[in-house]
There are 2 protein chains.
Amino acid sequence: MTDILTLVYQNGGFNEQEMAEIKNAHHELRFKKGENVLLFSGISDGYYIVKESILRSYVIDFNHEEMTTEFYCQGDVVIEVVSLFQQKPSESCIQALSEVVLYKIPFPVFQQLFLTLRGFSDWGRNWMTEELFKLKQRHIHMITQTAAERYLKLGEEKPDIIQKAPLKHIASHLGIKNTSLSRLRRDSIKKR
Amino acid sequence: MTDILTLVYQNGGFNEQEMAEIKNAHHELRFKKGENVLLFSGISDGYYIVKESILRSYVIDFNHEEMTTEFYCQGDVVIEVVSLFQQKPSESCIQALSEVVLYKIPFPVFQQLFLTLRGFSDWGRNWMTEELFKLKQRHIHMITQTAAERYLKLGEEKPDIIQKAPLKHIASHLGIKNTSLSRLRRDSIKKR
DNA sequence: ATCTAAATTTGACTTATGTCAATTGCAAAT
DNA sequence: ATTTGCAATTGACATAAGTCAAATTTAGAT
């Protein structure tokens, strides 16, 4: 099995020594189901990558309901961008959806890498660029596709989530109510 | 009247000399109504800031319809992020909604600034960070608020747009059909 | 293993927004 | 000033998703 960190950084254009330096900056960390990697109003203490299992990030919306804004699977970078880069209180909460294993770079080490390894800040900017692109795409999908189409799409992109995450979190992430997703699932099974 | 560029860069922590260097990198440029600052599949040739009037950026969605993804008003930074930073063909098109005056930094100059002025790349990262935050907020609003609420919000944040942009563009930006926005406007006037 | 609370499912009904088609308004080009 | 075509409005009806409440299933705690 190829190691996750190699996959994550493979397109950064790092040489062997740089790659080793980056990898060494990470250490493994576990969270139990339901534990929080980052709390509301907490200040991000580092940068994480998912080694195993799934997490979600959520906010409390204007109707005082939880809304899942992101799911994280193996290989995903787990960041609350504003809180990490500007060291401000987080607007969202990041939570393990089951026993989870992460790689962490603590903030001071992260900052150091950013300053000393030119390629690392480039890598970071590219990551942000892609993130912006994905958010724009998501917005387009939200507007132009039905909930059923969005559900199928999530299933293709993150099959783990469809299988393992609780229905209510998937529903809020898709922008529909639990009841609607429940019916959606029933009906899409019927069709087959 | 305070000059736009001062406002745009005031929180970047630049000293006077740096500020002057940045400002000097810009030059003024005009576009006529309907002209494109960036075309589909074009490669971004620089970075723009709105001096006067309004623009929009749009994509062609899965139903082969135009969808306005962003409006730009005075002081806004006009970028197609992926195309600028990765010099890839643009997925969207940026268009002047009337006679428009922009400040431009041509790509090579932009890149130079990025490399030589430490604070400029920091400024860029902060801009991206905020952009990511805004996109997430927009997503939350799209899910939790009604079209009428989103319309009012746009009116508060970008009153210029509500007044000057064509209804159909506002509608597609809000994620509703022209007909629905037309009715929305009628009904909200009635209420008063 | 049992109990309890939370998550999911389902039914009946409501609401926001979409669809389609006809009409009117308006602005650019001649 | 007149024409022409796109933009906006409106009516009648359709549909996706929401609401509320009850029934059932599931997972955690004891």
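Naming: A, B, ... by sequence-line order, numbering from 1 per chain.
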Original post:
Parallel, tilted or perpendicular for Trp123(A) and Phe120(A), by the 30°/60° rule?
Top reply: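 Rings of Trp123(A) and Phe120(A): parallel, as their planes differ by under 30°.
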Original post:
What's the shortest heavy-atom distance between Leu5(B) and Tyr103(B), and which atoms?
Top reply: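 Looking at all heavy atoms of both residues, the closest pair is CD2-CD1, 3.7 Å.
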So [X], base contact, sugar-phosphate only, or nothing? Heavy-atom distance under 4.0 Å.
X         : value
Ala147(B) : sugar-phosphate
Thr179(A) : base
Gly175(B) : sugar-phosphate

Original post:
Does Arg183(B) make a side-chain donor-acceptor contact with the base of dG18(C), cut-off 3.5 Å?
Top reply: no
Take atom [atom1] of [X] and atom [atom2] of [N], then tell me their distance rounded to the nearest Å.
X         : N       : atom1 : atom2 : value
Ile176(A) : dA16(C) : CD1   : P     : 19 Å
Tyr151(B) : dT17(C) : OH    : P     : 14 Å
Leu181(B) : dA16(C) : CG    : C1'   : 14 Å
Asn178(A) : dT10(C) : CG    : C1'   : 13 Å
Arg186(A) : dT8(C)  : CZ    : C1'   : 12 Å
Lys33(A)  : dA7(C)  : NZ    : P     : 11 Å
Ile143(B) : dT17(C) : CD1   : C1'   : 17 Å

Salt bridge or not for [X] and [Y], using N-O below 4.0 Å?
X         : Y         : answer
Lys153(A) : Glu156(A) : no
Glu70(A)  : Arg138(A) : yes
Glu157(B) : Lys134(B) : no
Glu65(B)  : Lys168(B) : no

Taking the side chain from [X] and the backbone from [Y], do they hold a donor-acceptor pair closer than 3.5 Å?
X         : Y        : answer
Gln87(B)  : Ser44(B) : yes
His26(B)  : Ile22(B) : yes
Ser172(B) : Thr68(B) : yes

**OP:** Please report how far the helix from dA1(C)-dT30(D) to dT30(C)-dA1(D) bends, comparing the axis fitted to its first five pairs with the axis fitted to its last five, to the nearest 10 degrees.
**Re:** 60°
Original post:
Quick one: is dT17(C) close enough that its OP1 or OP2 comes under 4.0 Å of any side-chain N or O from Ser180(B)?
Top reply: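 No.
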Original post:
Between Leu97(A) and Leu55(A), is any pair of side-chain heavy atoms under 4.5 Å apart?
Top reply: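 Of all side-chain heavy-atom pairs linking Leu55(A) with Leu97(A), none is under 4.5 Å.
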**OP:** Would you check if Leu84(A) and Phe110(A) make a side-chain contact, meaning some heavy-atom pair closer than 4.5 Å?
**Re:**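 Yes, their side chains come closer than 4.5 Å.
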Original post:
In residues 156-170 of chain A, what residues come within less than 4.0 Å of DNA chain C, judged by heavy atoms?
Top reply: Pro166(A), Leu167(A), Lys168(A)
Original post:
5' to 3' on DNA chain D, which nucleotides open and close the contacts with chain A (atom under 4.0 Å from a heavy atom)?
Top reply: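 Using the under 4.0 Å cut-off, the span is dA17(D) to dG28(D).
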**OP:** Please name the residue in the list Lys23(B), Lys104(B), Lys51(B) that meets the salt bridge (charged side-chain N to carboxylate O under 4.0 Å, His left out) test with Glu28(B).
**Re:** Lys51(B)
